[in-house]
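Only a predicted model underlies this, so the values are computations on that prediction, with no experimental measurement involved. Throughout, numbering of the chain's residues begins at 1 and tracks the sequence.
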Amino acid sequence: MAPVATSERPQESAPAVVKAAAQKVFNPFYSPPSTDDNDGDYPHADLKPSFPNITWEPLKELEVVDRGLSADPEKKSLLSAATKVKHLTPAIGTEIEGIDLRQLSDSQKDELALLVAERVVVFFRDQEINIHEQLELARHFGPLHKHATTPIPRNGLDEVHVVYNDASRRPDPTSFSKLELWHSDVTYELQPPSTTSLKVITGPEVGGDTLWSSGYALYSSLSPGFQTYLEGLTAVHSAAAQADGNRAAGLPVRRHEVETVHPVVRVHPVTGWKSVYVNPGFTRRIAGVPKAESDAILTFLFHQIGENPDFQVRFKWEVNSIAFWDNRGWRSSMLIYRVQVATHSATFDFWPATRHALRATPHGERPISVEDYERTTGKEAKDRQLEIWKQQGITVPVNTKPKTAKARGYND
């Protein structure tokens with residue numbers, strides 16, 4: 001079933017917002033950082049966060065074709081240029097050395113999109129690419145998303161998502177749990193992001209890592225019966241909490257918040273692999289089922305995302321490191337506020353150090369369900385793990401029928 005956009009939430013009056021803010025502690029995950037004017041000799045002052053009071057029109061549907069569809073399946077152009085290619089875990093994460101991202105050809109960019117689709121997140125270190133070049137590279141993967149609530153840099157580049165935290169804002173563990181921090185970026189949009197990049201320009205000596213988790217791997221871990229059940233479901237993703245966080249801080253919401261319905265299992269348009277597509281950050285409920293059932297399903301899936309290390313990779317950032325990940329999954333970021341083939345999550349262990357990163361976020365296609373993918377393409381959607389084993393010459397029998405338990409007697 002195709003995703004459906006639902007109604008927008010109206011702006012609340014200022015007195016109501018002030019009263020609500022006095023009564024409620026807002027989760028910092030959904031709240032913006034403070035604007036800090038104490039620049040000193042900070043070299044990236046023009047890229048620090050700002051919140052211009054501007055208004056944007058609602059997003060309209062865009063034509064997007066994933067660049068990975070044009071790539072050489074063997075990725076010869078990209079991988080032959082590298083001095084080292086290292087897979088970090090079997091399920092997720094690859095680090096590449098010896099490539100200057102400023103020098104990529106179009107064919108190499110396409111192959112990078114394919115590699116990210118397959119490996120969920122790909123890392124590069126020691127990259128001198130500046131924010132203008134990062135944006136230009138991101139545009140190769142699709143039209144860029146402009147975030148409605150998070151900060152943009154002071155220099156006015158409104159397609160840049162600024163990630164910034166320093167000693168002025170200490171995380172308050174009474175207002176959030178670690179599980180809540182897992183998210184895939186802006187899944188409430190009608191066309192959520194695809195091949196997203198994040199570059200760290202200032203970071204702590206220790207701490208501030210980012211974790212990513214694979215929606216492919218989560219899907220593969222489930223029983224066939226549960227996989228089939230989830231494939232028939234849709235879920236509501238909401239931008240409300242982020243918008244409320246801005247209003248509570250007296251900051252503008254540049255575009256009215258939306259709630260959008262997406263399939264619980266989506267299919268990647270390039271790999272054809274199935275991925276679980278829910279996240280604690282923005283998924284609010286399963287559509288059309290009793291609340292108790294919705295809560296049970298989402299609680300189970302959220303805990304699998306955040307607690308199963310078999311699905312995860314953790315990256316230790318250095319200044320000038322950059323990650324490209326497929327936002328069709330999940331990430332868990334170290335950021336103080338808001339990585340789905342990838343979901344990501346936050347670690348706040350670096351306070352009071354400064355951490356400053358810049359994100360470029362291309363739109364992807366509307367998430368497509370298993371049924372719609374198979375109907376429109378004539379192809380069968382696949383389980384990634386089974387496909388990998390098949391490539392390795394391993395046949396794993398799949399039992400699609402429930403086993404009948406034998407009656408057990410007592411021996412008193």
Side-chain angles (χ1 to χ4, degrees), residues 26-33 92 120-121 145 147-151 161-163 165 171 175-198 208-218 235-246 257-260 262-264 266 275-286 298-308 311-315 323-348 355 357 359-364 367:
F26 279 85
N27 185 327
F29 172 70
Y30 302 111
S31 303
I92 178 173
V120 182
V121 58
H145 177 261
H147 205 294
T149 59
T150 58
H161 173 107
V162 178
V163 173
N165 197 63
S175 61
F176 65 93
S177 73
K178 288 295 184 181
L179 185 64
E180 292 175 303
L181 303 180
W182 282 95
H183 64 284
S184 187
D185 295 316
V186 297
T187 58
Y188 46 75
E189 303 289 20
L190 188 64
Q191 291 177 257
S194 59
T195 310
T196 302
S197 62
L198 181 75
D209 300 353
T210 300
L211 292 84
W212 280 260
S213 182
S214 169
Y216 294 145
L218 173 53
V236 177
H237 299 246
S238 176
Q242 282 190 325
D244 289 343
N246 271 44
E257 61 269 40
V258 296
E259 291 187 338
T260 306
H262 293 309
V264 170
R266 69 180 296 181
S275 176
V276 174
Y277 194 64
V278 297
N279 69 91
F282 302 116
T283 308
R284 294 294 170 256
R285 63 187 182 277
I286 304 292
L298 291 179
T299 297
F300 167 75
L301 294 175
F302 293 166
H303 279 275
Q304 288 295 299
I305 291 168
E307 297 174 2
N308 194 323
F311 308 156
Q312 299 172 4
V313 66
R314 180 169 182 146
F315 185 61
F324 291 81
W325 72 94
D326 198 312
N327 241 313
R328 301 178 182 93
W330 319 307
R331 115 181 170 241
S332 174
S333 144
M334 69 300 204
L335 318 179
I336 193 64
Y337 63 91
R338 294 254 358 117
V339 89
Q340 324 143 340
V341 168
T343 303
H344 48 274
S345 178
T347 61
F348 295 151
R355 187 171 179 286
R359 193 181 88 201
T361 315
H363 283 276

Undergrad: Using side-chain heavy atoms (C-beta onward) and a distance below 4.5 Å, is W325 in contact with D185?
TA: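 SC-SC contact between W325 and D185 confirmed.
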
Undergrad: Distance from W182 atom CH2 to E307 atom CD, nearest 0.5 Å?
TA: 10.5 Å

Undergrad: For a 4.5 angstrom cut-off between non-hydrogen side-chain atoms, does P367 reach P192?
TA: yes

Undergrad: Kindly give the heavy-atom pair with the smallest separation between V313 and V121, and that separation in Å.
TA: CG1-CG1, 3.8 Å

Undergrad: In Å and rounded to the nearest 0.5 Å, what is the CZ to CG distance from F311 to L218?
TA: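 Here the interatomic distance stands at 5.0 Å.
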
Undergrad: Going from CD on Q242 to OG1 on T149, what distance comes out if it is rounded to the nearest 0.5 angstrom?
TA: 4.0 Å

Undergrad: Roughly how far, to the nearest 0.5 Å, is the CZ atom of R284 from the OG atom of S238?
TA: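 So the OG of S238 and the CZ of R284 are separated by 5.5 Å.
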
Undergrad: Any side-chain heavy atom of W212 sitting closer than 4.5 Å to one from Q312?
TA: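 A side-chain contact under 4.5 Å is absent here.
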
Undergrad: Let me see the working for T196 and R359 under side chain to side chain contact (heavy atoms under 4.5 Å, CB included), right down to the final yes or no.
TA: CA-CA 7 Å; T196 302; R359 193 181 88 201; 3.7 Å; yes

Undergrad: Do the side chain of S214 and the main chain of A217 share a donor and acceptor less than 3.5 angstrom apart?
TA: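 Confirmed, S214 side chain pairs with A217 backbone.
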
Undergrad: Closer than 3.5 angstrom, by distance alone: can the side chain of S275 be matched with the main-chain N or O of Y277 as a donor-acceptor pair?
TA: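 Answer holds: no.
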
Undergrad: Indicate yes or no for a side-chain donor-acceptor contact from D326 to the backbone of V120 under 3.5 Å, with no hydrogens or angles considered.
TA: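 No, the answer is negative, given that no donor and acceptor are paired below the 3.5 Å cut-off.
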
Undergrad: Could you work out, with ring pair (Phe, Tyr, Trp, His ring centres under 6.0 Å) as the rule, every residue matching H145, not counting sequence neighbours?
TA: H147, H363

Undergrad: Could you tell me whether the side chains of H237 and T260 share a donor-acceptor contact shorter than 3.5 Å?
TA: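 H237 vs T260: no donor-acceptor pair found between side chains.
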
Undergrad: So V236 and T283, do their side chains get closer than 4.5 Å, heavy atoms only?
TA: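 They are not in contact (no side-chain heavy atoms under 4.5 Å apart), so the answer is no.
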
Undergrad: Could you tell me whether the side chain of F282 reaches within less than 4.5 Å of the side chain of T187, counting heavy atoms only?
TA: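 T187 vs F282: side chains touch.
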
Undergrad: Quiz question: by atom type and distance under 3.5 Å, do the side chains of N327 and T361 form a donor-acceptor pair?
TA: no

Undergrad: If you measure only the distance, is there a donor-acceptor pair under 3.5 Å linking the side chains of E257 and Y188?
TA: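 No, Y188 and E257 have no side-chain donor paired with an acceptor closer than 3.5 Å.
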
Undergrad: Does H262 reach the main-chain N or O of E189 with its side chain, forming a donor-acceptor pair under 3.5 Å?
TA: yes

